[in-house]
Amino acid sequence: MRTADLTGLPTGIPEALHDEGIEELYPPQAEAVEAGLTDGESLVAAVPTASGKTLIAELAMLSSVARGGKALYIVPLRALASEKKAEFERWEEYGIDVGVSTGNYESTGEWLSSRDIIVATSEKVDSLVRNNAAWMDQLTCVVSDEVHLVDDRNRGPTLEVTLAKLRRLNPNLQTVALSATVGNADVVADWLDAKLVQSDWRPIDLKMGVHYGNAISFDDGSQREVPVGRGERQTPALVADALDGDDDDDQGSSLVFVNSRRNAESAARRMADVTEQYITGDERGELAELAAEIRDISDTETSEDLAKVVAKGAAFHHAGLASEHRTLVEDAFRDRLIKCICATPTLAAGVNTPSRRVVVRDWQRYDGDYGGMKPLDVLEIHQMMGRAGRPGLDPYGEAVLLAKDADSRDELFERYIWADAEDVHSKLAAEPALRTHLLATIASGFAHTREGLLEFLDQTLYAAQTDDPERLGQVTDRVLDYLEINGFVEFEGDSIQATPVGHTVSRLYLDPMSAAEIIDGLEWSAKHRTEKLRALAGETDEESASEREAEPEPDPTAGFQKASEMVSDDGDGDGSDDGDDELEFETDITYPTPLGLYHLVCRTPDMYQLYLKSGDRETYTELCYEREPEFLGRVPSEYEDVAFEDWLSALKTARLLEDWVGEVDEDRITERYGVGPGDIRGKVETAEWLLGAAERLASELDLEAVYAVREAKKRVEYGVREELLDLAGVRGVGRKRARRLFEAGIETRADLREADKAVVLKALRGRRKTAEKILEKAGRQDYSMENVDESDAPDDAVPDDAGFETAKERANQQASLGDFE
DNA sequence: CCATGGTTATTCTAGACAGCATGTC
DNA sequence: CTAGAATAACCATGG
């Protein structure tokens with residue numbers, strides 16, 4: 001089918017496609033159109049990666065918009081949201097407006113009403129439904145990318161429920177689901193009342209094979225000799241072989257998949273020795289620049305290691321990298337500057353990074369639940385192998401598995417190359433999934449009775465494929481009990497209603513279990529505070545009792561200040577339990593301390609906890625006893641509770657946050673907790689979100705802890721000690737600049753407006769533009785830095801205990817002290 | 001005494017969505 | 001019930 005023959009699209013689009021060089025539709029695309037894609041027909045397309053799925057989505061969305069509708073494109077990853085947005089924006093000149101909505105990217109519901117195509121993550125869509133976004137019922141077309149992810153234990157149910165809700169809200173909704181090739185795409189199609197287009201067709205051939213001995217055997221029967229000398233390894237030989245190329249002089253890039261971060265990094269180090277020999281003089285310079293950019297992103301060992309290998313034309317890629325690192329690496333790989341990436345599975349499901357050759361080095365991965373190394377799913381291996389073949393560059397892509405002996409070669413062929421991908425199975429009947437989704441279903445008015453809930457659940461994939469219809473009812477009853485006991489829903493005869501807190505929890509997008517934990521912790525702290533105060537004041541002291549009543553501060557700032565005064569978190573963390581007096585102990589628990597709050601949110605199921613390494617058990621058990629008064633809630637017993645281990649992991653995570661707000665250097669934190677810069681960002685982001693939710697809950701339940709929570713949240717947000725909160729709130733001022741300004745005697749936003757410009761300039765290391773911007777944002781009228789000379793600033797007469805270096809050192813020292821105890 | 005090289009014991013293990021209200025280095 | 005790579009620790013050898 002020719003693109004010129006397409007009908008039902010906005011004017012100019014067929015021509016535009018033609019101009020892009022798309023004259024003829026790929027067979028699966030043509031099949032989709034014939035199935036009624038551009039006439040609003042629902043469709044499941046189960047086709048390989050890079051076989052033109054995006055155009056299928058675009059045809060559906062554009063034709064829907066042409067009919068006056070509005071389309072939604074659901075992505076599984078935030079990174080993909082921006083990628084897709086950029087792609088769809090090329091239709092803007094034809095009057096198509098594109099908007100994105102993810103947790104961290106522009107999100108106002110109103111603004112999206114005017115867009116024709118909206119790109120969002122499944123969680124964000126779910127959240128928008130929960131919050132009754134106005135434009136939800138204007139949708140005429142929804143595209144779900146990577147729909148096979150309904151199989152995912154954690155996030156699959158969200159996608160499943162969200163699709164069911166969208167379809168219920170808009171009965172005539174066109175549903176287009178894009179899937180990798182899976183075993184039972186027909187079941188998915190049945191569920192969505194959609195036609196099925198299934199195909200193995202690829203625009204670029206994919207040769208799959210196994211390397212063993214001195215050659216790769218491919219699935220088409222061909223062989224390619226790739227000798228491996230004695231004592232050498234297979235992977236570098238394969239990478240070098242791809243770079244040597246065939247007859248053409250084009251250098252082929254490689255993507256190497258391994259099963260751990262550490263393996264990715266060490267493999268990259270080895271591959272760098274190979275790629276180094278293939279880079280040209282020009283490239284060497286560009287790579288050096290790229291390495292410098294990488295070092296600039298973060299001052300950590302990970303960043304440094306990455307820069308080193310990048311300078312030689314290789315890279316590693318995993319979730320410990322900062323997102324800026326990842327983007328740089330991905331872009332440079334696409335630009336053919338980086339010749340080889342060694343990656344964990346991040347890259348298999350992430351943004352588009354095609355490669356001439358894909359080497360799947362590890363096909364097993366450690367899995368604690370499984371109790372050892374677990375073979376990866378066929379689907380997962382196929383996703384990795386599907387990255388082989390760069391459109392327009394390669395005649396075909398090569399995907400290679402590695403075998404050490406003839407037996408495992410045969411096994412790999414059997415297990416992965418000849419094998420079909422697994423079926424997808426709904427994971428909706430798991431209790432954690434239903435906990436959150438049933439509450440949301442009740443709270444947003446989709447159902448108000450047990451029967452109503454089951455009727456709604458009947459529209460999910462789970463119902464479509466289960467052979468145990470009882471199961472869902474049983475789990476539903478258990479979950480409803482749980483929600484009732486925790487006060488999130490109320491029964492009135494047959495009718496179930498969400499309580500006000502229940503509504504809030506649903507809208508905050510919290511797992512009800514997280515919310516329950518947070519509420520328990522905060523109420524526990526309130527109760528203990530009252531008890532301690534009573535004990536201190538003596539039970540009959542009426543004056544202090546009435547004072548206590550009057551405690552909640554009407555003025556937030558006053559309470560805020562108060563919280564700051566009460567919290568004593570610097571310096572005495574490790575050493576001061578020599579217990580000066582009881583009073584200090586009392587003040588410690590009077591308001592929840594930051595550590596207490598961090599631990600509270602870290603032990604919530606919404607926080608992904610750090611892993612305990614050898615030695616950590618002792619370190620954190622000790623810390624657990626040292627800081628016991630700060631924890632909100634009963635501390636599990638070291639000897640009796642199985643939950644103790646989890647408690648310690650949460651403590652480790654909470655400690656990381658405490659270091660972060662104690663202004664401990666990034667590289668120090670990564671070193672101390674064995675994480676990458678990306679992990680710090682991730683933990684901080686999650687903590688920010690959960691503390692924000694905790695703040696809302698506290699204010700709704702009228703708990704004084706709001707002020708302490710708000711401060712703890714602000715500190716996590718800026719990564720600063722309490723004295724810098726005011727400064728760090730100024731746009732353009734982060735943890736580093738705030739500390740420098742503070743050191744120079746500029747301690748508040750107000751100081752910034754009054755201060756000697758020379759001092760400001762000096763504190764900001766002579767960056768005039770930065771200084772001007774900061775002064776302007778701080779509300780200073782005369783912010784110009786013209787004719788200001790930083791050398792006019794008086795020489796450092798800074799009191800040393802407030803000095804940046806001193807504070808930093810103290811923080812770092814504190815950190816290392818804890819290490820050795 | 002130390003550098004080097006080889007062998008054995010120990011360690012360690014993927015990923016990443018969400019509120020709200022505005023802005024990091 | 002199940003692994004395997006990287007690294008640390010250890011030991012032997014030779015200068």
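Since the structure is predicted, the reported quantities are computational estimates derived from the model, not experimental observations. Each chain gets a letter, A, B and so on, in the order its sequence line appears, and its residues count up from 1.
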Classify the nucleic acid contact of [X] as base, sugar-phosphate or nothing, counting any heavy atom under 4.0 Å across all strands shown.
{"X": "A:Arg326", "result": "sugar-phosphate"}
{"X": "A:Gly678", "result": "nothing"}
{"X": "A:Arg153", "result": "nothing"}
{"X": "A:Val258", "result": "nothing"}
{"X": "A:Val75", "result": "nothing"}
{"X": "A:Lys613", "result": "sugar-phosphate"}
{"X": "A:Asp367", "result": "nothing"}
{"X": "A:Glu688", "result": "base"}

Under 3.5 Å on both distances, the Watson-Crick or G-U partner of [N]:
{"N": "C:dC1", "answer": "none"}
{"N": "B:dA21", "answer": "none"}
{"N": "B:dC1", "answer": "C:dG15"}
{"N": "B:dA16", "answer": "none"}
{"N": "B:dT10", "answer": "C:dA6"}

Between [atom2] on [N] and [atom1] on [X], what's the gap in Å once rounded to a whole number?
{"X": "A:Leu510", "N": "B:dC17", "atom1": "CG", "atom2": "P", "answer": "17 Å"}
{"X": "A:Asn263", "N": "B:dT13", "atom1": "CG", "atom2": "P", "answer": "11 Å"}
{"X": "A:Arg507", "N": "B:dA18", "atom1": "CZ", "atom2": "P", "answer": "18 Å"}
{"X": "A:Asp305", "N": "C:dT7", "atom1": "CG", "atom2": "C1'", "answer": "15 Å"}
{"X": "A:Trp111", "N": "B:dC20", "atom1": "CH2", "atom2": "C1'", "answer": "17 Å"}
{"X": "A:Arg715", "N": "B:dT24", "atom1": "CZ", "atom2": "C1'", "answer": "19 Å"}
{"X": "A:Lys683", "N": "B:dG15", "atom1": "NZ", "atom2": "C1'", "answer": "10 Å"}
{"X": "A:Glu265", "N": "C:dA5", "atom1": "CD", "atom2": "C1'", "answer": "14 Å"}

Are A:Ser408 and A:Asp405 close enough, and set up right, to give a side chain to side chain donor-acceptor pair (under 3.5 Å), and what steps lead you there? CA-CA 6 Å; A:Ser408 50; A:Asp405 50 69; 3.0 Å; yes
OP1 or OP2 of [N] sitting under 4.0 Å from any side-chain N/O of [X]?
{"X": "A:Thr158", "N": "B:dA18", "answer": "no"}
{"X": "A:Tyr611", "N": "B:dT13", "answer": "yes"}
{"X": "A:Arg233", "N": "C:dA6", "answer": "yes"}
{"X": "A:Lys773", "N": "B:dG23", "answer": "no"}
{"X": "A:Ser127", "N": "B:dG19", "answer": "yes"}
{"X": "A:Arg269", "N": "C:dT7", "answer": "yes"}
{"X": "A:Ser122", "N": "B:dC17", "answer": "no"}
{"X": "A:Lys404", "N": "C:dA5", "answer": "yes"}
{"X": "A:Ser260", "N": "C:dA5", "answer": "no"}
{"X": "A:Arg710", "N": "B:dA21", "answer": "no"}
{"X": "A:Arg270", "N": "C:dA6", "answer": "yes"}

Answer yes or no: are there more than 12 heavy-atom neighbours, outside A:Arg767 itself, under 6.0 Å from its atom CZ?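 12 or below, so no.
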Do [X] and [Y] come within less than 4.5 Å of each other through their side chains, counting heavy atoms only?
{"X": "A:Cys340", "Y": "A:Val274", "answer": "no"}
{"X": "A:Cys342", "Y": "A:His317", "answer": "no"}
{"X": "A:Phe316", "Y": "A:Leu306", "answer": "yes"}

Just do the side chain to side chain donor-acceptor pair (under 3.5 Å) check on A:Tyr73 and A:Asp145 with the steps written out, would you? CA-CA 7 Å; A:Tyr73 190 98; A:Asp145 196 6; 3.0 Å; yes
For A:Trp689 and B:dA18, are the ring centres under 5.5 Å apart with planes inclined under 30°?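 Yes; by the centre-distance and plane-angle rule, A:Trp689 counts as stacking on B:dA18.
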Between A:Arg155 and A:Tyr718, which residue's closest nucleotide on DNA chain B lies nearer the 5′ terminus?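 Closest to the 5' end, via its nearest nucleotide, is A:Arg155.
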Let me know, please, whether A:Pro76 or A:Ala728 comes out on the 5' side of the other along DNA chain B by nearest nucleotide.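 Per heavy-atom nearest nucleotide, the more 5' residue is A:Pro76.
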5'-most contact on DNA chain C: A:Arg262 or A:Gly371, nearest heavy atom basis?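 So the residue in question is A:Gly371.
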Confirm from the modelled atom types if A:Tyr366 and C:dG4 form a donor-acceptor pair under 3.5 Å, side chain to base only.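 Side chain to base: no pair below 3.5 Å.
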State which of B:dA14, C:dA6, B:dA18 makes the closest approach to the side chain of A:Thr686.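 The closest nucleotide is B:dA18.
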Which one, B:dA18, B:dC20, B:dA16, comes nearest to the side chain of A:Tyr509?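 Nucleotide nearest to A:Tyr509's side chain: B:dA18.
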Regarding A:Asp606 and A:Tyr509, do their side chains bring together a donor and an acceptor under 3.5 Å, going by distance alone?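 There is no such pair between these side chains.
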Worked verdict on A:Thr121 versus A:Arg78 for side chain to side chain contact (heavy atoms under 4.5 Å, CB included): CA-CA 6 Å; A:Thr121 55; A:Arg78 283 191 216 154; 4.2 Å; yes
C:dA5 versus B:dA14 - spacing of their P atoms, nearest Å: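 The same atom, P, in both gives a distance of 15 Å.
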